[in-house]
Amino acid sequence: MSDSADRVIYMDNNATTRVAPEVLEEMLPYFSDYYGNPSSMHNFGGQVGRKVTEARQKIADLLGASPDELIFTSCGTESDSTAILSAIQSFPDKRHIVTTRVEHPAVKNLCEHLYSLTGHKHKVTQLPVECDGTIDLGKYEESLTEDTAIVSVMWANNETGVIFPIEQMAAMAKERGILFHTDAVQAVGKIPINLKKVPVDFLSLSGHKLHAPKGIGVLYVRKGTPFAPFLIGGHQEHGRRGGTENVTSVIGLGKACELAALRMDEENTRVKALRDRLEEGLLASIPHTLLNGHKTDRLPNTTNISFEYVEGEAILLHLDRFGICASSGSACTSGSLEPSHVMRAMGVPFTAAHGSTRFSLSTYNTEEEIDFVLEHLPKIIADLRTMSPFWEEAMKAEVVCGCNCKKN
Ligand SMILES: *Cc1c(COP(=O)(O)O)cnc(C)c1O
């Protein structure tokens, strides 16, 4: 494995993104020259406060929100925790949470933890998904009860890019007086979001998924939504989140949101074209290969492909030798032999789930990079398959395809 940053072909943007050069440039003076505390009475701090206000406005503009509906947090995970724990405290008599089987661990593990945290008083419904990763709205409707305190459903899935119908789902919760939270960490900056039209009460986002630094997040709380703070301390964020603002990162996030608004159309055309070229090229040139997730209700930058009878980890290690960064849906690296919870929820067959590989692109990827992957990956897969006993057996049995999802 090379430790060099040059010649890296970075296709793991759903894990984290490069800080945009424009973002870094905007931040730098606030480390060196303008280091005041935005809460200070003097003008040295006040000018920083005004820059934070400006950044807050830019973030609000990207979401169709009002600046005073935004709370700065330390990350997407803190935003998720704050929203869900707030709803639990606001409605102590309601003991039910609705979420899905494919949430990010920031929501999934918190909900599972809550169950034991509250002495098994809270019941959690984890909605299943279809084999293409989409949700059945009928099942969702059935899950909502008088006892439901909050629904937490991600806007777009980090592993497959599948987009959920958040506008409809939030409206259905609202009709029943149930709070609705969406983890929009993967959606913000990639697809248009207008919270004037989408009646969510809470929305989480994270800076490092849209070319701002790591360690800055936002929780949107709709005006009028009951709110209980998570971090209690100073009067920052109107007492809704104590702690001196991460000024430089807030300023970077503001710039990143401004850039995202400008580049959204490009992301939805140029980046999508690159993604499609990669996806179609791989599906066409490598046999026994399947797409995981809905073909169109999907983020423009993400493709998740299973190469049957090979291990995702092995694929990643071989790609890494060429400087290609991607990610695997299986969790073997964490010491477990289970495929990812998302692949399992979609019912991806065992022989395919282990070989699921995610490529997530950004505005910085080029056509040459796509062609480089298309040139090298077919040989990597072919070589790995010659070493796979499962592949040999499947070929002997003349298995056509392990895919059981007829939707794609
Ligand atoms: C990355 C991610 C998070 C966590 O964000 P952090 O800022 O890393 O805490 C939460 N949800 C989704 C969908 C993500 O992709």
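Both ligands and their constituent atoms are indexed starting at 1 by order of listing.
Ligand 1 has an N or O atom lying under 3.5 Å from an N or O atom of Gln186, backbone or side chain.
Ranking protein heavy atoms by distance to atom 11 (N) of ligand 1, first place goes to Asp183 OD2, 2.6 Å. The shortest contact between atom 9 (O) of ligand 1 and any protein heavy atom is with Thr77 OG1, 2.6 Å. The closest protein non-hydrogen atom to atom 1 (C) of ligand 1 is Lys209 NZ, 1.4 Å. Considering only non-hydrogen protein atoms, atom 12 (C) of ligand 1 sits nearest to His104 CD2, 3.4 Å. Of all protein heavy atoms, the one lying nearest to atom 7 (O) of ligand 1 is Ser206 OG, 2.6 Å.
Between Glu279 and Lys295, at least one side-chain N (NZ, or NE/NH1/NH2) sits under 4.0 Å from a carboxylate O, which counts as a salt bridge. Ion pair Arg277/Asp371 flagged as a salt bridge, since at least one NZ, NE, NH1 or NH2 atom sits closer than 4.0 Å to an Asp/Glu carboxylate oxygen. Of the charged side-chain nitrogens involved, none lies within less than 4.0 Å of a carboxylate oxygen, so that Arg275 and Glu267 do not count as a salt-bridged pair. By the 4.0 Å N-to-carboxylate-O rule, Asp68 lies too far from Arg56 to be salt-bridged with it. For Lys51 and Glu26, the salt-bridge test passes: some basic side-chain N is under 4.0 Å from an acidic carboxylate O.
Residue-ligand proximity, Cys75 to ligand 1, at heavy-atom distances under 4.0 Å covers atoms 6 (P), 7 (O), 9 (O). Numbered from 1 in the order shown, with element, the atoms of ligand 1 that lie under 4.0 Å from a heavy atom of Asn158 read 13 (C), 15 (O).
With distances taken over non-hydrogen atoms, the option nearest atom 6 (P) of ligand 1 out of Ala184, Ala156, Gly76 is Gly76.
Only the side chain of His208 comes within contact range of ligand 1, with a heavy atom under 4.0 Å; no backbone atom does.
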Legend entry - Intermediate values then yes/no, side chain to side chain contact (heavy atoms under 4.5 Å, CB included), Leu259 and Val23: CA-CA 9 Å; Leu259 290 175; Val23 167; 4.0 Å; yes
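Aromatic ring pairs are classed by plane angle as parallel below 30°, tilted from 30° to 60° and perpendicular above 60°; the pair Phe44 and His42 is tilted.
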